[in-house]
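All of these numbers come straight from a predicted model, not from anything done at the bench. Note that the numbering runs from 1 along the sequence shown for the chain.
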Amino acid sequence: MLKKNVLKVVMLFAILAMVLSACGNAAKPAATQAAVAPTEAAAAKPFGQASCAPNCGYKDLVLCFPQLGAESDWRTADTASFKDEAAKDGFTLVFSDAQQKQENQISAVRACIQQGVSVIALPPVVEDGWDAVLTEAFNAGIPVIIVDRSVSADPSLYVSHIGSDMELEGKRAAEEFNKKFPDGAKILELSGTTGSGAAVGRAKGFREALNANIEIIDSQTGNFTRAEAVPVMQAFLQKYKPGVDFQGIFIHNDDMGLGAIEALKAAGVNPGDLFIVSVDGTRGGFQAMVDGWFQADVECNPLLAPQVVEMALKIMNGQPVDKNVLTDETVYYPENAAELLPTRKY
């Protein structure tokens with residue numbers, strides 16, 4: 001009997017040891033997982049965060065800015081904004097001029113990727129055709145901010161867009177025509193670069209907001225340049241009689257507007273004979289309002305560098321940024337153009 005009791009006790013201790021051992025083994029993975037989770041979470045950092053985070057400053061920033069060209073006063077002011085900001089703040093600006101050619105911009109972006117810049121600020125010459133190079137930047141861990149114009153690429157390939165609402169600009173221009181011609185009219189459109197975000201957006205917004213009794217009888221591109229706008233306007237004037245066949249012109253930017261004025265003057269058209277609305281709000285556009293040629297100028301602010309640089313530093317420091325940041329803009333009129341002209345920075 002004693003031997004049987006001893007055997008039972010031994011068996012009980014053996015079973016208890018096995019249970020405790022099993023519990024101990026089950027607890028170890030849980031403890032290990034709890035210890036690993038924070039480590040993995042700490043390893044996952046926001047896309048584009050630099051090694052200097054969270055204390056990255058201007059001296060740490062290498063900003064790639066492949067400017068699309070120098071086709072207008074607006075673009076010149078935009079470039080000056082970035083160069084002035086770099087001189088003031090002390091960050092490194094990798095600048096290039098693509099001369100309005102997308103292939104040049106793509107080559108410049110790839111060169112910046114090879115260089116290992118901190119952030120790329122891309123003002124795209126056209127909307128389409130960016131997926132491949134944006135994917136290259138993404139795979140290299142370099143964040144891209146789309147500046148000014150828009151792209152049709154997958155939004156996950158870039159961090160944010162900073163610029164104007166081009167469709168809203170077009171709608172604002174349309175409202176000026178609606179107010180001027182409640183009984184209807186026929187107008188011309190001098191459009192920007194075909195396929196560019198600015199031209200596409202302004203044309204779309206303009207048509208959406210324009211009253212049905214106002215007809216766009218012709219639309220041609222002047223490629224956002226004064227030089228190319230002159231022959232386009234000359235061709236319009238050979239085909240249509242001002243004041244008879246058409247009563248107004250919607251022009252996608254001030255530089256083309258100034259080119260159109262040259263052609264109108266040469267054809268004997270006087271200021272105020274036609275209702276002209278332009279987009280930009282440059283000094284040239286303000287002077288055209290003072291002189292009576294433009295009846296309204298829809299603002300599009302080119303001084304984007306401060307916003308872009310601020311966002312670039314936030315990205316480097318691992319801080320969240322908005323996907324779409326719009327500039328604060330308005331519409332200007334001849335009544336206050338003379339007073340505001342001396343204060344215009346571009």
Side-chain angles (χ1 to χ4, degrees), residues 45-53 56-70 75 78-87 89-164 196-198 302-327:
K45 62 181 183 179
F47 181 75
Q49 179 177 303
S51 58
C52 54
C56 299
Y58 294 119
K59 62 180 176 58
D60 302 301
L61 171 63
V62 180
L63 180 69
C64 173
F65 184 56
Q67 180 62 283
L68 67 88
R75 191 64 52 191
D78 184 47
T79 294
S81 173
F82 279 86
K83 291 184 176 180
D84 292 346
E85 198 72 12
D89 295 335
F91 64 87
T92 300
L93 180 68
V94 181
F95 175 82
S96 59
D97 182 346
Q99 299 179 331
Q100 288 197 293
K101 295 180 180 178
Q102 185 181 31
E103 58 268 29
N104 291 347
Q105 278 194 300
I106 291 174
S107 295
V109 170
R110 285 184 170 140
C112 286
I113 293 171
Q114 288 295 321
Q115 185 176 335
V117 300
S118 311
V119 179
I120 298 172
L122 173 64
V125 64
V126 292
E127 286 190 315
D128 299 332
W130 297 103
D131 295 78
V133 74
L134 288 178
T135 299
E136 291 171 29
F138 183 86
N139 290 339
I142 300 176
V144 176
I145 302 171
I146 303 299
V147 180
D148 174 28
R149 301 178 183 180
S150 57
V151 295
S152 61
D154 184 341
S156 67
L157 296 176
Y158 58 91
V159 177
S160 181
H161 167 259
I162 293 180
S164 303
S196 68
L303 308 180
L304 300 175
Q307 285 180 283
V308 172
V309 172
E310 179 185 0
M311 177 177 285
L313 287 178
K314 284 185 176 180
I315 294 169
M316 291 176 65
N317 282 312
Q319 299 173 11
V321 298
D322 292 332
K323 190 68 177 179
N324 194 40
V325 178
L326 297 178
T327 51

Enquirer: If I compare all heavy atoms of Phe82 with all of Phe91, which pair ends up nearest, and what's the gap?
Expert: O-CZ, 4.2 Å
Enquirer: Do Ser152 and Glu127 pair up side chain to side chain, a donor and an acceptor below 3.5 Å, judged on atom types alone?
Expert: no
Enquirer: Any chance you could measure Ser196, atom OG, to Gln102, atom CD, to the nearest 0.5 Å?
Expert: 11.5 Å
Enquirer: Ignoring hydrogens and angles, tell me if any N or O in the side chain of Ser150 forms a donor-acceptor pair with the backbone of Gly197 under 3.5 Å.
Expert: no
Enquirer: Give the C-alpha distance, both sets of side-chain angles, the deciding distance and a yes or no for side chain to side chain contact (heavy atoms under 4.5 Å, CB included) between Ser118 and Asp60.
Expert: CA-CA 8 Å; Ser118 311; Asp60 302 301; over 6 Å; no
Enquirer: Measure across Ile142 and Gly116 and return the closest heavy-atom pair with its distance rounded to 0.1 Å.
Expert: CD1-CA, 4.3 Å
Enquirer: For Val321 and Ile145, what are the C-alpha separation, side-chain angles and deciding distance, and is it a side chain to side chain contact (heavy atoms under 4.5 Å, CB included)?
Expert: CA-CA 11 Å; Val321 298; Ile145 302 171; over 6 Å; no
Enquirer: Which pair of non-hydrogen atoms, one from Gln307 and one from Val325, has the smallest distance, and what is that distance?
Expert: NE2-CG1, 3.6 Å
Enquirer: What distance separates His161 NE2 from Leu326 CG, expressed to the nearest 0.5 Å?
Expert: 8.0 Å
Enquirer: As an exercise, state the distance from SG of Cys56 to CG of Asn317, rounded to the nearest 0.5 Å.
Expert: 4.5 Å
Enquirer: Name the residue from Asp148, Asp97, Asp78 that meets the side-chain hydrogen bond (donor to acceptor under 3.5 Å, both in side chains) definition with Gln67.
Expert: Asp78
Enquirer: Of all the heavy-atom pairs spanning Val94 and Gln115, show the shortest one and how long it is.
Expert: CG2-NE2, 3.7 Å
Enquirer: For Phe47 and Phe138, take the angle between the two ring planes, folded into 0 to 90°, and tell me which bin it lands in: parallel under 30, tilted 30 to 60, perpendicular over 60.
Expert: parallel
Enquirer: Looking at side-chain heavy atoms only, is the closest gap between Pro46 and Pro320 below 4.5 Å?
Expert: no
Enquirer: Check whether any side-chain heavy atom of Leu63 lies under 4.5 Å from a side-chain heavy atom of Leu61, and answer yes or no.
Expert: yes
Enquirer: Between Arg110 and Val133, is there a donor-acceptor pair closer than 3.5 Å when you use the side chain of the first and the backbone of the second?
Expert: no
Enquirer: Ignoring hydrogens and angles, tell me if any N or O in the side chain of Asp154 forms a donor-acceptor pair with the backbone of Ser156 under 3.5 Å.
Expert: yes
Enquirer: Kindly determine whether Leu122 and Trp130 satisfy side chain to side chain contact (heavy atoms under 4.5 Å, CB included), including the steps that lead there.
Expert: CA-CA 10 Å; Leu122 173 64; Trp130 297 103; 3.9 Å; yes
Enquirer: Output, in order, the C-alpha distance, side-chain angles, deciding distance and verdict of side chain to side chain contact (heavy atoms under 4.5 Å, CB included) for Leu68 and Arg149.
Expert: CA-CA 10 Å; Leu68 67 88; Arg149 301 178 183 180; 3.8 Å; yes
Enquirer: Between Gln105 (side chain only) and Pro123 (backbone N and O only), is there a donor and an acceptor less than 3.5 Å apart?
Expert: yes
Enquirer: So Ile113 and Ile120, do their side chains get closer than 4.5 Å, heavy atoms only?
Expert: yes
Enquirer: Minimum heavy-atom separation for Pro66 and Ser96, please, with both atom names.
Expert: CA-OG, 3.3 Å
Enquirer: NZ of Lys323: more than 12 outside heavy atoms within 6.0 angstrom?
Expert: yes
Enquirer: Mind listing the closest non-hydrogen atom pair of Pro306 and Glu85 along with its distance?
Expert: CG-OE1, 3.7 Å
Enquirer: Is a donor on one side and an acceptor on the other found under 3.5 Å between the side chain of Asn139 and the backbone of Glu136?
Expert: no
Enquirer: Nearest 0.5 Å, what's the CG-CG distance between Asp84 and Leu93?
Expert: 10.5 Å
